[in-house]
**Q** 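After the structure tokens below, expect a handful of questions from me.
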Amino acid sequence: ALVLFHSERNTRHGPVFSQEPSDSIFPLSFEDNKVFINCKAKGNPAPYYKWKVDGREIDMDLNYNLVEGNLLINNPHATHHGGVYQCIATNTFGTIVSKEAKVQFAYFGMSLEHVSLPLSIPTILCGCCLCSSSAEIKYSWVFNRRPSFLLQDTRRFVSQRTGNLYIAKVEASDVGNYTCVVRNMMTNATVYSSPTPVELRRDAVMAEYEPKIEVQFPESLHVTKGSSVKLECFALGNPVPAITWRRTDGNPLPGKMKINHSNGVLEIPYFRPEDAGAYECVAENSRGKNIAKGQLIFQTLPYNVEHLHWVQTLKDAHMAIEANLQWECRASGKPKPVYRWLKNGEPLVLEDRILVEGGRLAVSRINLLDSGMYQCLAENEHGAIYASAELKVVASAPDFSKSLVKKSMLIQRGGEVIMECRPHASPRASISWRRGGEFLKDSKRRTIMEDGTLRISNISESDGGRYTCVARNPFGTSSSTEPTKITVPPLSVDATVGQSIVLPCEVSRDSSLDPTFKWFFNGKLIDFNKQDHFEMIGGESAGDLMVRNIQLKHSGKYVCMVHTVVDSVSAAADLIVRGPPGAPEGLMVGEITDSSAQLSWGSGPDNHSPVTTYTIQARTPFSIGWQAVRTVPDSVPGQMFHATVIDLNPWVDYEFRVVAINNVGVGEPSMQSKQIRTKAAVPEVAPGNVSGGGGSRGELVIQWEPIPEELQNGEEFGYIVAFRSLGTTTWKQTVLASPDASRYTFRNDSIPPLSQFEVKVGVYNKEGEGPSSHVVVVYSAEEEPSVPPSRVLARTLSASEIEVYWEPIPQTASSGKIIGYEVLCWEEGVQESDAEMVKVTDTVALLSGLMGSTLYLISVRAQNSAGAGPSSPAVNVTTKKPPPSQPPGNIEWNLTNSKIFLKWEHVKAMGNESEVTGYKVSVVS
């Protein structure tokens, strides 16, 4: 594919936060059990995100997921997931970090038990508490049923400090069910305890006693100006005590003061210095009184806290190379803040050129490496604030487009002319002047000033002509006479391995000047005669670069440089080549069980396309090459660098490797791990294809497919063979301590032929017994045939062959199927036990390879799976005499008219040879 890139839609810039995480308290009672922490940043190209918690980078796994820039926490746990979170946003221009956000999880604990009380006794219902001290909580109690909340009065009081319900004196109307209600005012989450019954005991009545203060305010309390303070005071007693408030110094209570209907809470809003002093709570009944005292202290200036805020922040800077950068940030707050500086999310590294004094940053002689995202951080003990700015360092060749030199001037003889030359250049250009083809030097009348201005005094006619200003810096040369311009520059592009692209480089120029195009790759001049992938194309005013069949090695900076005799210009572009990811690194095997192994690894190069998933492969001595294996999670995301391999076979040697995948393709696998062996376990697979039958009389033959070594799960593997006669209940068992066993024969002469047995085969190893096969029915061996074949006949065919016939035995003569016959043949004088045997399945047999003129005895017997039956009576048959052993002699031949005449001597047969009956003539061409 050929891709042309000419323009971009939007201005490219570094990341800027539009939403940052903030301190949050989440209840652990969400129905979906998920928590979002917000983070969003703008940038071009769009930024990608990472998160830290307590200074450690978060690996995205089952608990953590990225949703755009937001962090999703699944199934949060107060201990594991509480902490200080920070969002990190990055694009090609740099990295910024968000402010830190403290995340807490509030959970509610309630443990109320059944309560039984005598009449008139005071009581405290406890156990309604918030198990997090940071949340703003409101406590209430429900009496008997929702949604009716218990109304507080002089006898009943709910403390917002402890959550407890205090009943000064129990009455019969208090009998019922009590439910504690805890509401998080920040998240609006509400939790109800289980109802707790309160019963009245009739066997006792509490006597009268003086008040006992159970809820009271601190002995001293610092209060800031303008804040609201609430003091709690409640007493138990019989009769019910009355609560009153007063100032110890005798001054009247502030008029703005509020006292709730139970008198248990004194609230002073908009606290002022005159409200400070000693306060008393008096609890009194007919039996006596009790007093609680406390001091309210107005917080003076040393205790003042002013929230951090910016007085002066940072602005983005686009500056010329070699220029000096000055940035200052100022924050206001109490205590006085201190400052830190970050570059691309990391502490700024100081060197000779870089000076930091509090909120001031000075960088002298900036260079391209100074480009990036900078942050000023102001912090005190109460928090921190961040200010961000981007530094772009501009490096460019001289340019006259915005500061043209005057086209013509008319000067009187003897006068003075001043010609300014102020091209835009970064860094500043050195200036020279040319008149026609000659460069000018300073003289009495001509001076080139420090800023490049040409001054000529006492003008004469000889000074007339065409003057050209020539500007040079390290990035190029330009002149004031119709300068060469790159009108279509190359632009930074992304490409995929295997594509072909064109980087344009077109110029406008003085028609009298011929441009020369050169291309540089990563600072080195491209030699087109030695590069297969590069080709320069275009006409007189274009020197486009074609890159064919792009590979990863072609990533880098490309510079088009155009030269004329008077100036030179250049334009640069970055080519990012996206390819399949490189091999993951540092593969390690962690905890190993009988069926799983934990793996961890590091990321390899992503080749400019983020890894989307990882796959894990395994190899064993029994597998054909590398095979994909199952993992937890089932699909390993690209941000995750650990997984658990499952469904492994116990007691097997494994090697593992990891393969990364991105949107371009599948990458190279990692180096294989060290070989590990899973732990042993009880066998899990039972033998298959259990069958049997056959054998000799009195035998039960059992067969099965042996278990492969990779499924034996441990050492000392063997088989447990169990069988019983059909219809009986007791199993007979035998153990075969051989992992290769596949057959077992049980012998007992008392077993009737073709008896039915139920059979199963189990497995075991050093760890214990495994499963058994399904029960199958197997027949014992048959009985051998009981009668021999009848009407056995034999006839000689030649000196070496005899043909034998017989009648088959009847089916009633065998308990099983006849599978064949054995034909025995032996010479006269030889024992039958030494006879030659031929097995056939039909009722005819051809015996060959015999000796001529020899008497043979022949017998036949039937055979089934149990063996051979009795032999038939032997029959006699004599083979024919052999043919003459001597060939014809004295052979003569004559050729006459295409005919051959043969003559030979007659052969006379020997006494033990058969008579000659004819001759056979063979012709070989």
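Positions are given from 1 along the sequence.
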**Q** Assess the side chains of E284 and T244: does a donor N or O sit below 3.5 Å from an acceptor N or O?
**A**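 Result is no, nothing qualifies.
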**Q** Salt bridge check: are E280 and K293 linked by an N-O gap of less than 4.0 Å?
**A**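 K293 and E280: salt-bridged.
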**Q** Could you check whether any side-chain heavy atom of Y85 comes within less than 4.5 Å of a side-chain heavy atom of P21, counting everything from C-beta outward?
**A**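 Not touching, per the 4.5 Å side-chain cut-off.
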**Q** Does some side-chain heavy atom of I58 sit less than 4.5 Å from a side-chain heavy atom of R56?
**A**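 Not in contact.
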**Q** Does a salt bridge link R630 with D647, judged by any charged N lying under 4.0 Å from a carboxylate O?
**A**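 A salt bridge is present here (some side-chain N lies under 4.0 Å from a carboxylate O).
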**Q** Would you check if the side chain of S220 reaches a backbone N or O of Q295 as a donor-acceptor pair within less than 3.5 Å?
**A**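 A pair under 3.5 Å: no.
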**Q** Which atom names give the shortest non-hydrogen contact between A89 and P47, and what distance separates them?
**A**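 Taking A89 first and P47 second, the nearest heavy atoms are CB-CB, 4.3 Å.
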**Q** Please tell me whether S98 and Q86 have a donor and an acceptor in their side chains that are separated by less than 3.5 angstrom.
**A**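 Checked: S98/Q86 side chains show no N/O donor-acceptor pair below 3.5 Å.
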**Q** Using the ring centroid of each side chain, check whether H222 and F298 are separated by less than 6.0 Å.
**A**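 Distance test on ring centres: not under 6.0 Å, no.
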**Q** Keeping T224 on the side-chain end and S227 on the backbone end, is there a donor-acceptor pair under 3.5 Å?
**A**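 It does not hold such a pair.
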**Q** OH/Y64 to CG/L72 distance, rounded to the nearest 0.5 angstrom?
**A**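 So the OH of Y64 and the CG of L72 are separated by 11.0 Å.
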**Q** What's the separation between atom OG1 in T313 and atom CZ in R330, rounded to the nearest 0.5 Å?
**A**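 With rounding to 0.5 Å, OG1 (T313) is 11.5 Å from CZ (R330).
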**Q** Ignoring hydrogens, what is the shortest heavy-atom contact between I616 and A643? Give both atom names and the distance.
**A**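 Closest pair (atom of I616, atom of A643, distance): CD1-CB, 3.9 Å.
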**Q** Got more than 12 heavy atoms from elsewhere within 6.0 Å of CD, E274?
**A**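 Atom CD in E274 is packed in, count exceeds 12.
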**Q** For P335 and E381, which heavy atoms make the closest approach, and how far apart are they?
**A**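 In terms of heavy atoms, the two residues are closest at CG-OE1, 3.7 Å.
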**Q** Could you walk me through whether N74 and N65 pass the side chain to side chain contact (heavy atoms under 4.5 Å, CB included) check?
**A** CA-CA 8 Å; N74 295 298; N65 294 107; 2.7 Å; yes
**Q** May I ask you to test the V589-L599 pair for a side-chain heavy-atom distance under 4.5 Å?
**A**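 Side chain of V589 against side chain of L599, heavy atoms only: contact under 4.5 Å found.
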**Q** Quick check against the 3.5 Å criterion: does W310 have a side-chain atom that pairs as donor or acceptor with the backbone of I385?
**A**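 Side chain of W310 to backbone of I385: no pair is present.
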**Q** Do the side chains of I243 and C281 get nearer than 4.5 Å, heavy atoms only?
**A**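 Touching, per the 4.5 Å side-chain cut-off.
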**Q** Under a 3.5 Å threshold, yes or no: a donor from one side chain and an acceptor from the other, between Q375 and S388?
**A**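 S388 and Q375 do have a side-chain donor-acceptor pair below 3.5 Å.
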**Q** So, for P241 and A283, which heavy atoms are closest and what is the spacing to 0.1 Å?
**A**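 That would be CB-CB, 4.3 Å.
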**Q** Which value, rounded to the nearest 0.5 Å, describes the distance between T154 atom OG1 and K169 atom NZ?
**A**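 NZ of K169 is found 11.0 Å from OG1 of T154.
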**Q** Less than 4.5 Å apart, side chain to side chain, heavy atoms only: is that true for I297 and V223?
**A**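 A side-chain contact is absent here, since even the closest heavy-atom pair is not under 4.5 Å.
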**Q** Run N290 and E210 through side chain to side chain contact (heavy atoms under 4.5 Å, CB included) and show every step you take.
**A** CA-CA 8 Å; N290 205 341; E210 66 181 12; 5.9 Å; no
**Q** Taking atom types as modelled and ignoring hydrogens, do the side chains of D249 and N251 form a donor-acceptor contact shorter than 3.5 angstrom?
**A**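 Their side chains do contain a donor-acceptor pair, which is all the 3.5 Å distance test asks for.
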**Q** Which value, rounded to the nearest 0.5 Å, describes the distance between L231 atom CG and W245 atom CH2?
**A**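 Rounded to the nearest 0.5 Å, the CG-CH2 separation comes out at 5.0 Å.
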**Q** Is the side chain of W51 donor-acceptor paired with the backbone N or O of L66 at a distance under 3.5 Å, no angle test?
**A**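 No: the side chain of W51 does not pair with the backbone of L66.
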**Q** Going by heavy atoms in the side chains, are F17 and C87 under 4.5 Å from each other?
**A**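 A side-chain contact under 4.5 Å exists here.
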**Q** Tell me, do F641 and S600 make a side-chain contact under 4.5 Å, heavy atoms counted?
**A**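 In short, these two side chains do not touch, never coming nearer than 4.5 Å.
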**Q** Apply side chain to side chain contact (heavy atoms under 4.5 Å, CB included) to S140 and K138, showing your working.
**A** CA-CA 7 Å; S140 306; K138 180 179 180 180; 4.2 Å; yes
**Q** Under the 3.5 angstrom rule, does the side chain of Q160 hit a backbone N or O of Y139 as a donor-acceptor pair?
**A**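 Such a contact is found between Q160 side chain and Y139 backbone.
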**Q** Start with the C-alpha distance between Y270 and R272, add both sets of side-chain angles, then the distance that settles side chain to side chain contact (heavy atoms under 4.5 Å, CB included), and finish with yes or no.
**A** CA-CA 6 Å; Y270 312 112; R272 294 289 183 266; 4.2 Å; yes
**Q** Do the side chains of K50 and E57 get close enough for a salt bridge, i.e. N-O under 4.0 angstrom?
**A**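 Looking at E57 together with K50, the answer is yes, because their closest N to O distance falls below 4.0 Å.
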**Q** Check whether any side-chain N or O of D59 sits under 3.5 Å from a backbone N or O of M640 as a donor-acceptor pair, and report yes or no.
**A**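 Such a contact is absent between D59 side chain and M640 backbone.
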**Q** Is S18 reaching over with its side chain to a backbone N or O of K40, donor-acceptor style, under 3.5 angstrom?
**A**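 It does hold such a pair.
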**Q** Taking all atoms of both residues into account, what is the closest heavy-atom pair of A292 and Q216, and its distance?
**A**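 Shortest heavy-atom contact: CB-CB, 3.9 Å.
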**Q** Distance check, rounded to the nearest 0.5 Å: N91 atom CG versus I96 atom CD1?
**A**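 It is 8.5 Å, given to the nearest 0.5 Å.
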**Q** To the nearest 0.5 angstrom, please state how far the OH atom of Y386 sits from the CD atom of E20.
**A**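 Those atoms lie 8.5 Å apart.
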**Q** Is any side-chain N of the basic residue among E214 and K212 closer than 4.0 Å to the acidic one's carboxylate O?
**A**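 Yes, charged N to carboxylate O under 4.0 Å.
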**Q** Which residue pairs pass the side-chain hydrogen bond (donor to acceptor under 3.5 Å, both in side chains) test when at least one of the two sits in residues 335-347, sequence neighbours left out?
**A**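 Pairs touching residues 335-347 that pass the test: R340-E379.
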**Q** Would you call R155-D153 a salt bridge at under 4.0 Å N-O?
**A**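 Looking at D153 together with R155, the answer is no, because their closest N to O distance does not fall below 4.0 Å.
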**Q** Going by heavy atoms in the side chains, are L342 and L348 under 4.5 Å from each other?
**A**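 L342 does not reach L348 side chain to side chain.
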**Q** For M257, does the CE atom have more than 12 heavy-atom neighbours from other residues, nucleotides or ligands under 6.0 Å away?
**A**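 Enclosed: over 12 neighbouring heavy atoms sit under 6.0 Å from CE of M257.
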**Q** Look at the side chain of N662 and the backbone N and O of T612, then say whether any donor-acceptor pair between them is shorter than 3.5 Å.
**A**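 Flag not set: sc N662 to bb T612 has no pair under 3.5 Å.
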**Q** Considering all heavy atoms of both residues, which atom of K256 and which atom of I268 are nearest to each other, and what is their separation?
**A**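 It is CE-CG2, 4.0 Å.
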**Q** Using 30° and 60° as the class limits, which term best fits the ring planes of Y178 and F143: parallel, tilted or perpendicular?
**A**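 Tilted: the ring planes of Y178 and F143 meet at 30° to 60°.
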**Q** Does any N or O in the side chain of D54 come within less than 3.5 Å of the main-chain N or O of V84, such that one atom is a donor and the other an acceptor?
**A**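 Yes: the side chain of D54 pairs with the backbone of V84.
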